[in-house]
Structure formats: structure tokens, C-alpha cells
Amino acid sequence: MVKRKLYIVLVLAAVGALLLWSVALGKDLPGSKTQANSLSKVTGTPQYQILNINNLVTWMRADGESNHSPSGGVGVTYPVGTAGVVYEDGFEWGAKIFLDAAKTRVPTVQPVRVEGSTYLGSGYVGIKGGNVTGFGATAVAQNSNDADVRCFRIRRDYFFMGDAELTYDAQTTNELASPTSVTQTMKDKIFQQYDTDWKNWPVAKGAPYIDRNGIPGYQAPPPFTAAFTPDMLISGKYDEPGVAGADPGSPADQVIWTVYNDLDGSQSVKFTGSQPTGVEVQKTVWGYKRTDAMGNIYFSRYRMINKGGVDVGGGVRGSFWLDSLYVCQWSDIDLGDSGEDLTGCDSTMSLAFTYNGFAVDSYFQKYNLPPPCSGYDFLAGPVVVSANDSAIFNLQRVKGKKNLPMSSYVYFSANSPYSDPAGPASTAGSGYSSCAFQWYAMLRGYAPAGVFGQNLSRYAVPPGVDPNTKYMMSGDPVAHT
């Protein structure tokens, strides 16, 4: 029996397009399970950071790749101390490229481009860490080798963490099997990094902060002491690094932030063969120190900015107009054993879910646990005008607009008619015609098949299901419908 792997792609459409939810079931790629992740010529540390404030752990890398550990292992463990529920995931976007605001002129090279990343071990990474300064012709990507191109992580109670919490943080950060392997040096390093990131939170690059004092801009709060506690940040109305929603009195307990871009053409072609789109992405991940349902989830936010700084033709640098832009969350789901995973979606809730095909999983059986489920939910899709609605934008409620819901959910799987889109044949991007086409098709709810210049393919569906549906596996797994 050949095992099948589940990959999930969650897609949002923006800039005049639909919102997509894509789930991808993909095959194992050579070396993807055994190859440790390397970051050659990158000196900023730490390149990886872990969210470990509640009942799960999840990893993020400085270039935005996520849910894959530094050693090349599973990226999300749930419940903590047991087995994995996500092996690796990544963020992708695809758009039509224009040279003018009226969208009448297209570039002679690659009028559709898809960027992002999937497998680190196989090199399908089209992005680099670092922010972009300037816009258009003056936009310049930061050298990914700079010391401040790294993951930033804060925990607002770090100054008051006890030895047990420091030990756990050091154990999970260093991927150690037992707390007895943790040294005092490891614990000191954890504390020092928290202290450094709290005091040097990169607001100037776009890292989020909570504005409480009413003064424009970020004013750093006083340093923590035995007499100045996190609660006093709220009662004293101090600004602080991190994330809160409409209520500044309810901040996230742990936050990770990084920024990356696709401006380097020699890197961007490694994903789908696409040349750069000129986009900077600021990624924030956060969680809450709780034991209820909120302790079993984490949140991610992607802020995308069209910076430019790319070749728009004839060696001229500038910006493109991006239209019909779709964004997605791709995921390789492993609920313990990778060969038993099933997927589905609830289009009314913008929810993708994965569950085990059997009541017993060999990985979770070791802990006397049934296999858990995992899922992704679009809580706030792209914003469009809607007179009588309200939307969430920048974690705030805005009137006269609405968030787009999930617009599709798709999959690909080994040993099925819909296998992984082939990666680019070389770093020169010679695989662009098929790879970028198939990804952009999936982003719009079509099957991963064909090349540019051919008609789009629909997924095959069971009898009685609308053949034009863009919501694959949207039935009821309990009722078997």
C-alpha cells in the first residue's frame, strides 16, 4: 500500500478577485523528510523562533516559511509533548501583472506570476528574509545576510518567568527530548533574547505594537523591574510591543514577527519559475497563555505591500500593477502517521479541516491518545466595499466594508489524478509554464493540470455534486454525504 500525504492550501483572493480556500494533498518529495534546513550565508540570529505559550508549539523562519523545525521535523506538535499535526506549511500568492494602472499593457515576460514557498528541503522557496526600503524605482531589498534579518519574539511576562517555564522554553526551542538536557546557559539565552527583542522591537520595519497613550507613533514602555509588572502596562496606558484587537487591554501573550520579500529574481524562480512581483510580506504570529479553547490555537496575520524595485522591462526598475491577486496558505498535514489523513472543508465557515481515517494512530497511541484534528480558518479575508456591512482590517472593526469569505478549497495528492505541481526545472525558471500555471489554477479553484495556453481543468466530483464547484471535499464526513 502506498501512503498518501495531505497538503492544505488556504487561499484568499484580493485586488478585485475572489477569495480562495485551497487544500492540497501532496506526495512526499525526495529528501523532504530527512534533510535538515540550511540557511547559507545568513548570519542574523535567531533565524527560527517557536510559539510555545499554550497547548501547542509552532515554528516560524525568518523568510516566512513556517511549521517546520530547525532540525527538519514536524512544525506543529499538539498536544504539547506528544506528536505532530502539521509537517510544514507556507504562504503563496499569484497575480496578473500589468505595466499601467488601466491594466491595458502586460509585460513581455511572464504576465502571470506566483510566488511564495512550500518545501524547504526541496528548495521550493522563492522568498528571502528582509524588508524593502523605498517604492517603485527606488525600492531596494535588504541584504538577507544583515544581522537584523531574523525572527523577533516577545513574551510580555518574560521578566517574571519561573525556572520551570524557562526550562520548558529552552527544551522546546532546542528540540530536546527531555527537560533534563536543558542547561543553565540555554535558559539564560532564552531570557536574554526575550529581553533584547522586547527592547528592540522593530516597529520601524512594520512590527505591530499596541497604542495606549494616544500619542502618535510608538513610545517604548519603561523596563520591567520587580516593581513594574506587565499589568502596569495596561493600567498605566503605556504602548507596548505586540498585538491586541479592538481592546488594548487584551494583548497577546507571545508574538513572533518577521518580514520578507520576493525581489531577488535568482531566488524567486526557485518556487514556480516566476520572476519577482515586488511584494514585501510582514508576518505576525501570536498566541495566548490559556488552558481553554484559546489555548489550542494560534493566529497569523500577513501584511502585503507592493513595493516594486523589480525589472518592469528593458532593465528599467519600477513597480507592477497587480490584479486578480490570490493568496493562499499551503500546508502539508501529518496527523501523526502521514498515511491516514483525510481532508474536508466547510465553505460556510471558511474552514479547512484534516482528520484521521482511523480511530487509532500509531504515533498518538504511544501517549494513549486518539488522533486529534487540525484546521485552518480565514478569520478576516480581503476587504471590499459593502455599504451595510462591517469588516475587520488591521485588527479593528471598520464600517461600510466586508471581509471576503473562502472562495475555494482544493487538494493534490500522491497516487491520485492530481499530483504536486512540478517545481521549476532549474533556477533559470524553465519550469514556469507548467508550474506557475498549475499553481495559479489552484488559487482560483481549478485542478493542477496543464500549461499556459491551455484550458483550465475542473476537478472530478462524485455524482450529484456540482461539477463547477470550487469547494472540494465540502460534504459532511459524519453523515458520509
Side-chain angles (χ1 to χ4, degrees), residues 2-12 20-29 32-33 55-59 66-69 73-80 82-92 118-119 293 296-300 328-365 367 369-379 406 408-416 418-420 442 445 448 459 461 469-481:
V2 178
K3 292 184 177 181
R4 300 186 178 187
K5 281 193 58 61
L6 171 63
Y7 298 92
I8 295 186
V9 183
L10 309 100
V11 187
L12 300 168
L20 291 173
W21 242 103
S22 296
V23 173
L25 280 165
K27 65 187 179 184
D28 290 337
L29 298 180
S32 64
K33 293 290 189 182
N55 198 29
L56 55 79
V57 297
T58 177
W59 286 94
S66 53
N67 283 335
H68 205 52
S69 77
V74 296
V76 179
T77 300
Y78 172 83
V80 293
T82 62
V85 295
V86 177
Y87 173 69
E88 186 171 7
D89 68 18
F91 181 71
E92 294 78 27
T118 54
Y119 283 107
N296 296 327
I297 61 177
Y298 69 92
F299 297 85
S300 299
C328 81
Q329 178 73 63
W330 165 87
S331 185
D332 173 353
I333 299 294
D334 286 353
L335 296 175
D337 191 316
S338 64
E340 305 167 346
D341 303 330
L342 301 174
T343 184
C345 75
D346 186 328
S347 60
T348 65
M349 297 180 66
S350 295
L351 176 70
F353 54 84
T354 306
Y355 59 101
N356 202 290
F358 300 101
V360 177
D361 179 273
S362 61
Y363 284 73
F364 286 96
Q365 188 178 28
Y367 305 97
L369 291 173
C373 300
S374 64
Y376 291 81
D377 192 359
F378 280 135
L379 300 180
M406 174 176 79
S408 75
Y409 179 89
V410 301
Y411 71 94
F412 53 87
S413 172
N415 304 305
S416 84
Y418 311 108
S419 190
D420 307 49
M442 285 194 300
Y459 279 85
V461 297
T469 183
K470 294 184 178 180
Y471 300 102
M472 299 301 106
M473 315 304 178
S474 58
D476 185 337
V478 177
H480 292 191
T481 57

Minimum heavy-atom distance between [X] and [Y], given as atom pair plus value:
{"X": "Pro79", "Y": "Phe364", "value": "CD-CE2, 4.4 Å"}
{"X": "His68", "Y": "Gly73", "value": "ND1-O, 3.1 Å"}
{"X": "Ser419", "Y": "Pro448", "value": "O-CG, 4.0 Å"}
{"X": "Asp346", "Y": "Thr348", "value": "OD1-OG1, 2.5 Å"}
{"X": "Gly475", "Y": "Pro477", "value": "O-CD, 3.5 Å"}
{"X": "Tyr367", "Y": "Ala83", "value": "CE1-N, 4.1 Å"}

Query - Test item: Tyr363 side-chain N/O and Ser338 main-chain N/O as donor-acceptor pair under 3.5 Å - result: no
Query raised in the report: Hey, does the side chain of Asn356 reach the backbone of Phe358 with a donor-acceptor pair shorter than 3.5 angstrom?
Result: yes
Roughly how far, to the nearest 0.5 Å, is the [atom2] atom of [Y] from the [atom1] atom of [X]?
{"X": "Met406", "Y": "Tyr471", "atom1": "CE", "atom2": "OH", "answer": "5.5 Å"}
{"X": "Ser347", "Y": "Met473", "atom1": "OG", "atom2": "CE", "answer": "14.5 Å"}
{"X": "Ile297", "Y": "Leu379", "atom1": "CD1", "atom2": "CG", "answer": "7.5 Å"}
{"X": "Cys345", "Y": "Leu351", "atom1": "SG", "atom2": "CG", "answer": "8.5 Å"}

So if I apply the side chain to side chain contact (heavy atoms under 4.5 Å, CB included) rule between [X] and each of [options], which one comes out positive?
{"X": "Pro372", "options": "Leu56, Thr82, Val85, Asp361", "result": "Val85"}
{"X": "Asp334", "options": "Asp341, Val76, Thr354", "result": "Asp341"}
{"X": "Asp89", "options": "Ile333, Thr118, Asn67", "result": "Asn67"}

Requested in this report: Take Ser350 and Asp377 through the test side-chain contact (heavy atoms from CB on, under 4.5 Å) and record every step on the way to the result.
Outcome: CA-CA 6 Å; Ser350 295; Asp377 192 359; 4.0 Å; yes
Requested in this report: Assess whether side-chain contact (heavy atoms from CB on, under 4.5 Å) is satisfied between Ser69 and Val74, documenting all intermediate values.
Outcome: CA-CA 6 Å; Ser69 77; Val74 296; over 6 Å; no
Query raised in the report: Are Tyr376 and Phe353 close enough that their ring centers fall under 6.0 Å?
Result: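 Centroid distance Tyr376-Phe353: not below 6.0 Å, so no.
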Query raised in the report: Given Lys470 and Tyr459, is the side-chain contact (heavy atoms from CB on, under 4.5 Å) satisfied, shown in steps?
Result: CA-CA 8 Å; Lys470 294 184 178 180; Tyr459 279 85; over 6 Å; no
Requested in this report: Please state whether the rings of Tyr418 and Tyr411 are parallel, tilted or perpendicular, taking 30° and 60° as the class boundaries.
Outcome: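 If you compare the ring of Tyr418 with that of Tyr411, the planes turn out perpendicular.
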